[in-house]
Amino acid sequence: MLESLPNTVGYRLVTQDRAKWETRFADRKDTTKDITDFRTRAAKVTSAEDMLKDYKLMKFTLTAYGLESELGKTAVLRKLLTEDPASDKSFANRMVDPRYKQFAQDMAKWDPPAIQQPDVQAKMEKNYITNAFEASEGANGLRASLYFKRKAEGVTSVANIIGDKVMMEVMRGALNLGDKFSMLDYDQQKRILTKRVNIEDFQDPKKVDQMAQRYLLAHGQSEPTSTVATILSGGNGVNSIIGLGMTLRLSV
């Protein structure tokens, strides 16, 4: 949707009125079709094996939890779907990333299947729109920065950052830590981040925006290659975007 814009500009446009952009995405024919198809497929599920055999259902479900990277990893998914998420020995509880535990907790009941419950479906559909929208803006780091903005207020410790792969990706870029940082052990990462990061900044929207923009700039920027007037309504759309881009470059 915003691929013709520099990413810092796209980031600002979305975060200024994210609800509008998500509503546009939700109203697209392919999005509504995905949700209708999900409901139809979910209604046929009676077991974890049923889910695992249905590629499209698993794709929708994993997208709703931001876990698309696990699609096709049958052994991992079977554990998440069948193990008791309350057990300390469960796969979900051994994962640092909280998305795995949330997925396991929501899918834990099978009599009847949780995926058929109205509250679970409503949550999944809402999350699907959110995550699929971010995925649609995935080029050159925009997806990660939008996720970072959305999740920032929930960060209360350095452990929250390290435990979330996407948050950590953004922080590495914002702090210019480099890819080798991820090769350090947990204690080393924690020690460095504790010195470099003020956790209170995650409660300040302006400082969160600054971190996200630094991350995007670390990916490099390219100028628009096609007309962007269709992105914004009004005759001054292009001029507004150019002005906004200048503001962003000066503010980071």
Side-chain angles (χ1 to χ4, degrees), residues 34-35 37-132 134-135 144 147-171 182 184-190 193-194 197 199 202-203:
D34 286 345
I35 291 174
D37 187 53
F38 159 69
R39 294 172 183 171
T40 300
R41 293 174 180 277
K44 300 176 182 178
V45 167
T46 60
S47 67
E49 292 303 318
D50 287 342
M51 282 191 66
L52 292 170
K53 292 176 182 177
D54 191 327
Y55 179 86
K56 290 186 177 180
L57 178 60
M58 287 305 305
K59 182 178 180 180
F60 184 99
T61 302
L62 292 172
T63 299
Y65 290 89
L67 292 173
E68 306 98 300
S69 62
E70 303 305 308
L71 188 62
K73 299 180 182 179
T74 304
V76 169
L77 295 174
R78 184 177 287 110
K79 290 179 179 180
L80 291 173
L81 289 170
T82 60
E83 292 180 347
D84 180 2
S87 171
D88 291 338
K89 296 181 179 180
S90 68
F91 179 83
N93 270 319
R94 295 201 307 272
M95 299 297 289
V96 178
D97 193 324
R99 291 176 294 180
Y100 291 89
K101 186 173 183 178
Q102 189 61 64
F103 173 83
Q105 288 176 334
D106 289 350
M107 297 292 107
K109 297 180 180 179
W110 288 101
D111 188 21
I115 199 172
Q116 295 174 356
Q117 301 307 303
D119 58 332
V120 175
Q121 286 194 350
K123 175 182 179 179
M124 289 176 63
E125 291 168 13
K126 180 178 182 297
N127 289 348
Y128 176 83
I129 291 170
T130 295
N131 288 318
E134 289 176 353
Y147 176 94
F148 179 81
K149 171 73 170 179
R150 177 166 58 88
K151 291 288 190 177
E153 66 179 3
V155 173
T156 59
S157 69
V158 168
N160 294 152
I161 301 171
I162 299 174
D164 189 313
K165 291 187 294 185
V166 182
M167 296 291 288
M168 194 64 250
E169 176 190 339
V170 174
M171 290 308 301
S182 59
L184 300 176
D185 64 36
Y186 178 87
D187 289 336
Q188 289 176 308
Q189 292 185 26
K190 184 177 181 180
L193 287 177
T194 299
V197 175
I199 294 299
F202 287 85
Q203 307 306 314

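Residues take their numbers from the sequence shown, with the count starting at 1.
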Flag, side chain of [X] to backbone of [Y], donor-acceptor distance under 3.5 Å:
{"X": "Q203", "Y": "E153", "result": "yes"}
{"X": "E125", "Y": "A64", "result": "no"}
{"X": "Q116", "Y": "P113", "result": "no"}

Any side-chain heavy atom of [X] within less than 4.5 Å of one from [Y]?
{"X": "Y128", "Y": "T61", "value": "no"}
{"X": "L62", "Y": "L77", "value": "yes"}
{"X": "I115", "Y": "F38", "value": "yes"}
{"X": "M107", "Y": "V120", "value": "yes"}
{"X": "M167", "Y": "F202", "value": "yes"}
{"X": "K109", "Y": "Q117", "value": "no"}

Residues which pass side chain to side chain contact (heavy atoms under 4.5 Å, CB included) with [X], listed by chain and number, not counting sequence neighbours:
{"X": "S182", "value": "R172"}
{"X": "Q105", "value": "P85, K101, Q102"}
{"X": "A159", "value": "S157, Y186"}
{"X": "A144", "value": "V166, E169, V170, Y215"}

Let me confirm one number: the [atom1]-[atom2] distance from [X] to [Y], rounded to the nearest 0.5 Å.
{"X": "R99", "Y": "N131", "atom1": "CZ", "atom2": "CG", "answer": "8.5 Å"}
{"X": "L57", "Y": "M51", "atom1": "CG", "atom2": "CE", "answer": "4.5 Å"}
{"X": "M168", "Y": "D164", "atom1": "CE", "atom2": "CG", "answer": "10.0 Å"}

What pair of heavy atoms forms the shortest contact from [X] to [Y], and how long is it?
{"X": "V76", "Y": "F91", "answer": "CG1-CE2, 3.6 Å"}
{"X": "N93", "Y": "A86", "answer": "ND2-C, 3.9 Å"}
{"X": "V45", "Y": "W110", "answer": "CG1-CZ3, 3.7 Å"}
{"X": "V158", "Y": "T194", "answer": "CG2-OG1, 3.8 Å"}

Practice item. Kindly indicate, with the supporting measurements, whether the criterion side-chain contact (heavy atoms from CB on, under 4.5 Å) is fulfilled by I161 and Q189. Key: CA-CA 10 Å; I161 301 171; Q189 292 185 26; over 6 Å; no

Check your understanding: Which residue pairs pass the side-chain hydrogen bond (donor to acceptor under 3.5 Å, both in side chains) test when at least one of the two sits in residues 63-74, sequence neighbours left out?
Key ->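 side-chain hydrogen bond (donor to acceptor under 3.5 Å, both in side chains) check on residues 63-74 returns Y65-D106, E68-R143, E70-Y100.
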
List the residues meeting side chain to side chain donor-acceptor pair (under 3.5 Å) with [X], not counting sequence neighbours, and say none if there are none.
{"X": "R94", "answer": "none"}
{"X": "T156", "answer": "N160"}
{"X": "T130", "answer": "E22"}
{"X": "K79", "answer": "none"}

**Study point:** Flag if over 12 foreign heavy atoms under 6.0 Å of NZ, K190
**Key:**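 Atom NZ in K190 is not packed in, count stays at 12 or less.
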
Exercise for review: Please name all residues satisfying ring pair (Phe, Tyr, Trp, His ring centres under 6.0 Å) with Y147, sequence neighbours left out, ordered by chain then number.
Suggested key: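 In terms of ring pair (Phe, Tyr, Trp, His ring centres under 6.0 Å), with neighbours along the sequence ignored, Y147 is linked to no residue.
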
Check your understanding: Can you name the salt bridge (charged side-chain N to carboxylate O under 4.0 Å, His left out) partners of K149, sequence neighbours left out?
Key ->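 Once residues adjacent in sequence are excluded, the partners of K149 under the salt bridge (charged side-chain N to carboxylate O under 4.0 Å, His left out) criterion are D209.
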
Review point. Which residue pairs satisfy the salt bridge (Lys or Arg N to Asp or Glu O under 4.0 Å) criterion with at least one member in residues 46-57, sequence neighbours excluded?
Key: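 Salt bridge (Lys or Arg N to Asp or Glu O under 4.0 Å) check on residues 46-57 returns R41-D54, E49-R78.
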
